[in-house]
**Student:** 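Quick one: structure below, then a few questions.
Position 1 is the first residue of the sequence; numbering continues from there.
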Amino acid sequence: MKKIAVTGGLGYIGSHTVVELQNEGFEVVIIDDLSNSEIAVLAGIEKITGKKPAFETIDVCDTEKLRACFKKHSHIDAVIHFAAYKAVGESVAKALEYYRNNVCGLISLLTVMREFECANIVFSSSCTVYGQPDVLPVTELSPIKKAESPYGSTKQMSEDIITDTVAAEKSLSAILLRYFNPIGAHPSALIGELPKGVPNNLLPYITQTAAGLRTELHVFGNDYNTPDGSCIRDYIYVLDLAQAHVVALQRMLGSKESGSLEIFNIGTGKGLSVLEILHEFMQANGVNVPYKIVGRRAGDIEQIWAETTRANEVLGWRAHTPLNEVLQSAWKWEQKLRG
């Protein structure tokens, strides 16, 4: 049985990926500092899979604690690295914190991986590395333009660090998954997105407004050069995204070659606007969501969606869950949270 360390494994995407890993028979060690997650998620994972993963409370920037973890859980075969701050708007206001956590945390992790001869990493990257693309949809060969936010900069830097480390180490293999906008929750409603404070992501803001926790949804800008004036994104179901990590991991562990680096866009291949998602949510769930158009948000790009042919053909992976089911899962999760 292969042993996989998942940093940020109690977070939104991390927890769903842990579920998929355990369902596929992997042994999982979760590393999470609980700065943007809840320990209760561990129980949700156990209820879904019937198995409680190992868990260590560690900030990945703390190299000594990370080293002790790798020593305790010997022979870790691969790492899936999620642990990072991830809010575009927040990163503009807290740039230094984002660089410290996202960049220094990765360097700390790669250092310990080298010491313990753990030679495989799947990295949680982002479509933000493309900046505002000139041509849509974006492919893995699209130019990497200047990032529109410190968050985007940290993802670009992290990709460069991994690329250079693979070239230098020869024994390290990496897969960079540039995914788009994850939404939805596990169909069991036992795990889902748990934002702290005011949500930075669209769908939990919508569900909290529908539940009455927020007076109205703020739509950041209606003057973009898009059909309805609101930003366009590629919204992907979190479980489809989680399964992409499992497939990438299986590809890496099944390869006889070391020192490889591969990049994949993980999205649906379709762009939807903020207002389209809002109206689709109301229709899918039969609820009303009051909203207000406000000014643009710093760091936001106008529109982006993925070209997914490479992931479809090389990984054999495809986003397949219908949008209405995804939006219903998010609302079911919100209702469960509110009791």
**Student:** Taking 4.0 angstrom as the limit, do R67 and E115 come out as a salt bridge?
**Tutor:**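 Result for this pair is yes, salt bridge flagged.
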**Student:** So do P195 and N200 actually touch side chain to side chain, heavy atoms under 4.5 Å?
**Tutor:** no
**Student:** If you measure from CG on L136 to CG on D134, what distance do you get to the nearest 0.5 Å?
**Tutor:**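 That separation rounds to 9.0 Å.
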**Student:** With respect to I206, which candidate in V287, N285, L278 satisfies the side-chain contact (heavy atoms from CB on, under 4.5 Å) definition?
**Tutor:** L278
**Student:** For residues S35 and Y85, determine if any side-chain heavy atom of one lies less than 4.5 Å from a side-chain heavy atom of the other.
**Tutor:**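 SC-SC contact between S35 and Y85 confirmed.
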**Student:** Specify whether F281 and W331 have parallel, tilted or perpendicular ring planes, treating 30° as the upper limit for parallel and 60° as the lower limit for perpendicular.
**Tutor:**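 Ring orientation, 0 to 90° scale: perpendicular.
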**Student:** Test side chain to side chain contact (heavy atoms under 4.5 Å, CB included) on T63 and V112; report intermediate values, then the result.
**Tutor:** CA-CA 7 Å; T63 308; V112 174; 3.7 Å; yes
**Student:** Should S149 and T128 count as side-chain neighbours, where that means a heavy-atom distance under 4.5 Å?
**Tutor:** no
**Student:** If the test is side-chain contact (heavy atoms from CB on, under 4.5 Å), which one of I301, L202, L272 qualifies with R233?
**Tutor:** I301
**Student:** Under 4.5 Å between any side-chain heavy atoms of Y205 and R214, yes or no?
**Tutor:** yes
**Student:** Are Y12 and P182 packed together at the side-chain level, in the sense that at least one heavy-atom pair is separated by less than 4.5 angstrom?
**Tutor:** yes
**Student:** Determine, using the 4.5 Å side-chain heavy-atom cutoff (strictly less than), whether Y99 and V129 are members of one ILVMFWY cluster.
**Tutor:**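 No, Y99 does not connect to V129 through the hydrophobic network.
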**Student:** Counting distance only, does the side-chain N/O of E302 pair as donor-acceptor with the main-chain N or O of N225 below 3.5 Å?
**Tutor:**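 Yes; judged by distance alone, with no hydrogens or angles, the pair exists.
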**Student:** Considering all heavy atoms of both residues, which atom of V138 and which atom of S142 are nearest to each other, and what is their separation?
**Tutor:**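 Where V138 meets S142 most closely, the heavy atoms are CA-OG, 3.4 Å.
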**Student:** Could you tell me if Y98 and E90 have a donor-acceptor pair between their side chains, going purely by distance under 3.5 Å?
**Tutor:** yes
**Student:** Please tell me if the side chains of F55 and V41 come closer than 4.5 Å, counting only heavy atoms from C-beta onward.
**Tutor:**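 No, side chains not in contact.
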**Student:** Do any N or O atoms from the side chain of E262 and from the backbone of L176 form a donor-acceptor pair under 3.5 angstrom?
**Tutor:** no
**Student:** Roughly how far, to the nearest 0.5 Å, is CG of N120 from CD1 of I175?
**Tutor:**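 Those atoms lie 8.5 Å apart.
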**Student:** Just by modelled atom types, is the L42 backbone N or O under 3.5 Å from a matching donor or acceptor in the K52 side chain?
**Tutor:** no
**Student:** Group every Ile, Leu, Val, Met, Phe, Trp and Tyr by side-chain heavy-atom contacts under 4.5 Å, then state whether V79 and L253 land in the same group.
**Tutor:** no
**Student:** Looking at OH of Y237 and NE2 of H16, how far apart are the two atoms once the value is rounded to the nearest 0.5 Å?
**Tutor:** 6.5 Å
**Student:** How close do R310 and I263 get, counting heavy atoms only, and between which atoms?
**Tutor:**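 That would be NE-O, 2.9 Å.
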**Student:** Identify the two heavy atoms, one from I58 and one from D62, that lie closest to each other, and give their separation to 0.1 Å.
**Tutor:** CG2-O, 4.5 Å
**Student:** A side-chain contact here means heavy atoms from C-beta on lying under 4.5 Å apart; do T207 and W333 qualify?
**Tutor:** no
**Student:** Nearest heavy-atom pair of G184 and S329: which atoms, and what distance?
**Tutor:** CA-OG, 3.5 Å
**Student:** Do the ring planes of H279 and Y291 sit parallel (below 30°), tilted (30 to 60°) or perpendicular (above 60°)?
**Tutor:**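 Perpendicular: the ring planes of H279 and Y291 meet at over 60°.
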**Student:** Let me confirm one number: the CZ-CG distance from F82 to L10, rounded to the nearest 0.5 Å.
**Tutor:**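 Going from CZ on F82 over to CG on L10, the span is 12.0 Å.
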**Student:** Are I80 and I76 co-members of a hydrophobic cluster defined by side-chain heavy atoms under 4.5 Å apart?
**Tutor:** no
**Student:** Using atom types as modelled and distance alone, determine if a side-chain donor or acceptor of K332 lies under 3.5 Å from a backbone N or O of P187.
**Tutor:**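 Yes; judged by distance alone, with no hydrogens or angles, the pair exists.
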**Student:** Are the side chain of E276 and the backbone of S273 linked by a donor-acceptor contact shorter than 3.5 Å?
**Tutor:** yes
**Student:** Is a salt bridge present between E159 and K155, judged by a nitrogen-to-oxygen distance below 4.0 Å?
**Tutor:** no
**Student:** With a 4.0 Å cut-off on N to O distance, would you call E169 and R114 a salt bridge?
**Tutor:** yes
**Student:** Please confirm whether the backbone N or O of Q132 pairs with a side-chain atom of K145, one donor and one acceptor, at under 3.5 Å?
**Tutor:**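 Yes, because the side chain of K145 sits within donor-acceptor range (under 3.5 Å) of the backbone of Q132.
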**Student:** Checking Y151 against S126 for the side chain to side chain contact (heavy atoms under 4.5 Å, CB included) test, could you report, in this order, the C-alpha distance in whole Å, the side-chain angles of both residues, the deciding distance, and whether it holds?
**Tutor:** CA-CA 10 Å; Y151 167 71; S126 168; 3.6 Å; yes
**Student:** Would you please say whether a donor-acceptor pair under 3.5 Å links the side chains of E193 and N201?
**Tutor:** yes
**Student:** Please report the interatomic distance OH(Y235) to CG(L203), rounded to the nearest 0.5 Å.
**Tutor:** 9.0 Å
**Student:** F220 ring centre to R296 NZ or CZ under 6.0 Å, with the angle to the axis within 45°?
**Tutor:**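 The answer is no, since R296 fails at least one limit relative to F220.
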**Student:** To the nearest 0.5 Å, what is the distance between NE2 on H81 and CG on L109?
**Tutor:** 5.5 Å
**Student:** Using the rule that Ile, Leu, Val, Met, Phe, Trp and Tyr join whenever any side-chain heavy atoms are under 4.5 Å apart, tell me whether L239 and I236 fall into a single cluster.
**Tutor:** yes
**Student:** If every non-hydrogen atom of P53 is compared with every non-hydrogen atom of V18, which pair is closest and at what distance?
**Tutor:**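 Where P53 meets V18 most closely, the heavy atoms are CG-CG1, 4.2 Å.
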**Student:** Hey, is NZ on K51 packed in by over 12 heavy atoms from elsewhere, all under 6.0 Å?
**Tutor:**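 Counting other residues, nucleotides and ligands, NZ of K51 exceeds 12 neighbours.
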**Student:** Give a yes or no answer on whether the side chain of W317 reaches the backbone of H245 with a donor-acceptor pair at less than 3.5 Å.
**Tutor:** no
**Student:** Side chain to side chain contact (heavy atoms under 4.5 Å, CB included) between L249 and L21: does it pass, once the steps are laid out?
**Tutor:** CA-CA 9 Å; L249 187 68; L21 287 169; 3.6 Å; yes
**Student:** Identify whether V60 and L110 are in the same connected component of the hydrophobic contact network (ILVMFWY, side-chain heavy atoms under 4.5 Å).
**Tutor:** yes
**Student:** Is there a side-chain contact between N23 and T49 in this structure, where contact means two heavy atoms from C-beta onward sitting under 4.5 Å apart?
**Tutor:** yes
**Student:** Is it true that a side-chain atom of T321 and a backbone atom of V326 form a donor plus acceptor pair closer than 3.5 Å?
**Tutor:**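 Not at all, since once roles are kept as given, no pair shorter than 3.5 Å links the two residues.
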**Student:** S125 vs L177, test: side chain to side chain contact (heavy atoms under 4.5 Å, CB included). Steps then yes/no.
**Tutor:** CA-CA 5 Å; S125 193; L177 298 184; 5.9 Å; no
**Student:** Any side-chain donor paired with an acceptor under 3.5 Å for E307 and T139?
**Tutor:** no
**Student:** Please name the pair of heavy atoms, one in I30 and one in I45, separated by the smallest distance, quoted to 0.1 Å.
**Tutor:** CD1-CD1, 4.1 Å
**Student:** Does H75 NE2 have over 12 foreign heavy atoms under 6.0 Å away?
**Tutor:** no
**Student:** Is it the case that N312 and R318 place a side-chain donor and acceptor less than 3.5 Å from each other?
**Tutor:**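 The criterion, which ignores hydrogens and geometry beyond distance, is satisfied for R318 and N312.
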**Student:** Does atom NZ (K270) have a neighbourhood of more than 12 heavy atoms from anything else shown, all under 6.0 Å?
**Tutor:** no
**Student:** Looking just at side-chain N and O atoms, do N222 and S230 make a donor-acceptor pair shorter than 3.5 Å?
**Tutor:** no
**Student:** Let me see the working for E56 and H73 under side chain to side chain donor-acceptor pair (under 3.5 Å), right down to the final yes or no.
**Tutor:** CA-CA 10 Å; E56 302 289 344; H73 301 278; 2.8 Å; yes
**Student:** Do the side chain of N102 and the main chain of S158 share a donor and acceptor less than 3.5 angstrom apart?
**Tutor:**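 Side chain of N102 to backbone of S158, a donor-acceptor pair under 3.5 Å: no, none is there.
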**Student:** In this structure, which one of D234, T308, D240 forms a side-chain hydrogen bond (donor to acceptor under 3.5 Å, both in side chains) with T268?
**Tutor:** D234
**Student:** Counting only heavy atoms from other residues, nucleotides and ligands, does the tally under 6.0 Å from NZ of K146 exceed 12?
**Tutor:** no
**Student:** Do other residues, nucleotides or ligands put more than 12 heavy atoms under 6.0 Å from the CD atom of Q283?
**Tutor:**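 Open: at most 12 neighbouring heavy atoms sit under 6.0 Å from CD of Q283.
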**Student:** For A189, does its backbone N or O pair with a side-chain atom of K336 as donor and acceptor, under 3.5 Å?
**Tutor:** yes
